[in-house]
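Here is the structure we will look at, set down as structure tokens.
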Amino acid sequence: MSLKVLPGTPSCFVCGDKKENSRSLELNICWDEDGEHTSISFVPDGSWCGYEGIVHGGILAAILDDAMAWAIKALDDRTYVTAKMNVTFKRPVQLHRHYSASGFLDRKEERRAYTSALIQDEDGNTCVEAKAVFVLTKAI
């Protein structure tokens with residue numbers, strides 16, 4: 001496995017720098033050259049809670065959104081934004097355990113990119129899955 005740390009976006013909630021965004025999770029997003037997908041390892045702490053001891057679904061959705069967005073960015077340097085995302089929660093994600101998220105660019109058609117992502121626990125069980133459609137932005 002050949003992992004390369006992607007640069008991130010300084011102000012991002014998921015991959016940002018705490019100097020730019022004090023609320024950032026400050027997660028490293030890596031690109032797996034061999035598998036052509038992103039990889040994000042994380043261990044949630046108490047500030048990530050929804051219900052007691054369980055990670056908030058919105059935080060998990062944000063991690064999956066970044067995993068998919070960076071899967072596109074690793075292969076196409078243009079800016080795509082999320083147009084639609086569906087998330088399926090299969091198992092609770094618990095505090096203080098190791099998880100990994102993976103994001104994939106499934107296909108591109110004109111200005112649309114179709115992606116998928118998942119979060120797995122340390123035993124390889126899938127906890128959360130997502131599919132999304134991103135659209136190419138006009139010059140910002």
Side-chain angles (χ1 to χ4, degrees):
M1 182 183 328
S2 172
L3 292 179
K4 173 179 122 181
V5 177
L6 298 174
T9 303
S11 61
C12 179
F13 172 73
V14 174
C15 64
D17 182 336
K18 288 214 184 253
K19 293 175 193 143
E20 295 279 330
N21 179 355
S22 63
R23 294 179 185 230
S24 175
L25 300 176
E26 216 169 25
L27 299 178
N28 286 323
I29 301 175
C30 298
W31 178 248
D32 182 332
E33 296 270 341
D34 300 330
E36 291 196 335
H37 69 274
T38 56
S39 179
I40 305 171
S41 294
F42 61 94
V43 178
D45 66 28
S47 69
W48 295 28
C49 271
Y51 289 110
E52 189 64 36
I54 305 222
V55 177
H56 192 285
I59 292 175
L60 299 172
I63 292 170
L64 292 170
D65 184 54
D66 260 32
M68 292 183 285
W70 281 97
I72 301 166
K73 190 78 166 166
L75 297 168
D76 182 339
D77 198 40
R78 297 176 296 172
T79 302
Y80 287 77
V81 294
T82 313
K84 176 177 158 180
M85 184 167 82
N86 293 312
V87 181
T88 303
F89 299 93
K90 302 180 109 187
R91 295 171 178 256
V93 173
Q94 301 173 351
L95 303 183
H96 310 297
R97 296 186 63 192
H98 183 268
Y99 294 90
S100 63
S102 300
F104 306 87
L105 172 57
D106 298 328
R107 73 183 194 281
K108 283 181 16 187
E109 296 175 2
E110 297 179 22
R111 296 187 60 229
R112 290 194 170 113
Y114 297 85
T115 61
S116 58
L118 54 89
I119 293 174
Q120 293 180 305
D121 65 18
E122 53 200 2
D123 297 323
N125 298 308
T126 298
C127 300
V128 188
E129 294 176 329
K131 289 196 172 288
V133 178
F134 286 75
V135 293
L136 180 64
T137 62
K138 298 188 189 239
I140 295 175

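Computed from a predicted structure; not experimentally measured. As a basis for the values below, the full set of heavy atoms in this structure was taken, side chains included, without hydrogen atoms, waters or symmetry mates.
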Could you check whether any side-chain N or O of [X] sits under 3.5 Å from a backbone N or O of [Y], counting only pairs where one atom can act as donor and the other as acceptor?
{"X": "Asn21", "Y": "Arg23", "answer": "yes"}
{"X": "Thr38", "Y": "Gly103", "answer": "yes"}
{"X": "Asp121", "Y": "Asn125", "answer": "yes"}
{"X": "Glu33", "Y": "Ser2", "answer": "no"}
{"X": "Thr115", "Y": "Ala132", "answer": "yes"}
{"X": "Ser24", "Y": "Glu26", "answer": "yes"}
{"X": "Tyr99", "Y": "Gln94", "answer": "yes"}
{"X": "Arg111", "Y": "Leu136", "answer": "yes"}

Is [Y] reachable from [X] through a run of I, L, V, M, F, W or Y residues, each pair having side-chain heavy atoms under 4.5 Å apart?
{"X": "Phe104", "Y": "Val14", "result": "no"}
{"X": "Met68", "Y": "Val135", "result": "no"}
{"X": "Phe89", "Y": "Val55", "result": "yes"}
{"X": "Ile40", "Y": "Leu118", "result": "no"}

With side chains defined as the heavy atoms from C-beta onward, is the minimum distance between [X] and [Y] less than 4.5 Å?
{"X": "Val87", "Y": "Leu60", "value": "no"}
{"X": "Cys15", "Y": "Asn28", "value": "no"}
{"X": "Asp45", "Y": "Leu95", "value": "no"}
{"X": "Trp70", "Y": "Pro7", "value": "yes"}
{"X": "His56", "Y": "Cys49", "value": "no"}
{"X": "Val93", "Y": "Ile54", "value": "no"}
{"X": "Trp48", "Y": "Ile63", "value": "yes"}
{"X": "Leu25", "Y": "Ile59", "value": "yes"}

Passes side chain to side chain donor-acceptor pair (under 3.5 Å), Asp106 versus Ser116? Steps please.
-> CA-CA 7 Å; Asp106 298 328; Ser116 58; 3.1 Å; yes
Point-to-point distance, once rounded to the nearest 0.5 Å, from [atom1] of [X] to [atom2] of [Y]:
{"X": "Arg112", "Y": "Tyr80", "atom1": "CZ", "atom2": "OH", "answer": "11.5 Å"}
{"X": "Arg97", "Y": "Glu122", "atom1": "CZ", "atom2": "CD", "answer": "5.0 Å"}
{"X": "Lys4", "Y": "Ile29", "atom1": "NZ", "atom2": "CD1", "answer": "13.0 Å"}
{"X": "Leu3", "Y": "Asp34", "atom1": "CG", "atom2": "CG", "answer": "8.5 Å"}
{"X": "Tyr114", "Y": "Ile72", "atom1": "OH", "atom2": "CD1", "answer": "11.5 Å"}
{"X": "Thr9", "Y": "Asp66", "atom1": "OG1", "atom2": "CG", "answer": "7.5 Å"}

Look at atom CD of Glu110 and say whether more than 12 heavy atoms of other residues, nucleotides or ligands are closer to it than 6.0 Å.
->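 Not more than 12 within 6.0 Å, no.
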If you draw a 6.0 Å radius around NZ in Lys90, do more than 12 non-hydrogen atoms from other residues or ligands fall strictly inside?
->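 No.
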Nearest heavy-atom pair of His96 and Gly46: which atoms, and what distance?
->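 Minimum heavy-atom separation between His96 and Gly46: CE1-N, 4.3 Å.
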Nearest atoms (heavy-atom pairs only) where Leu105 meets Ala71 =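 For Leu105 versus Ala71, the nearest heavy atoms are N-CB, 3.9 Å.
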Step-by-step salt bridge (charged side-chain N to carboxylate O under 4.0 Å, His left out) determination, Lys131 to Glu129 | CA-CA 7 Å; Lys131 289 196 172 288; Glu129 294 176 329; over 6 Å; no
Can you check side chain to side chain contact (heavy atoms under 4.5 Å, CB included) on Asp65 and Met85, steps first, answer last?
-> CA-CA 8 Å; Asp65 184 54; Met85 184 167 82; 4.0 Å; yes
Start with the C-alpha gap between Leu64 and Val128, add the side-chain angles, then the distance that decides, and say whether side chain to side chain contact (heavy atoms under 4.5 Å, CB included) holds.
-> CA-CA 9 Å; Leu64 292 170; Val128 188; 3.4 Å; yes
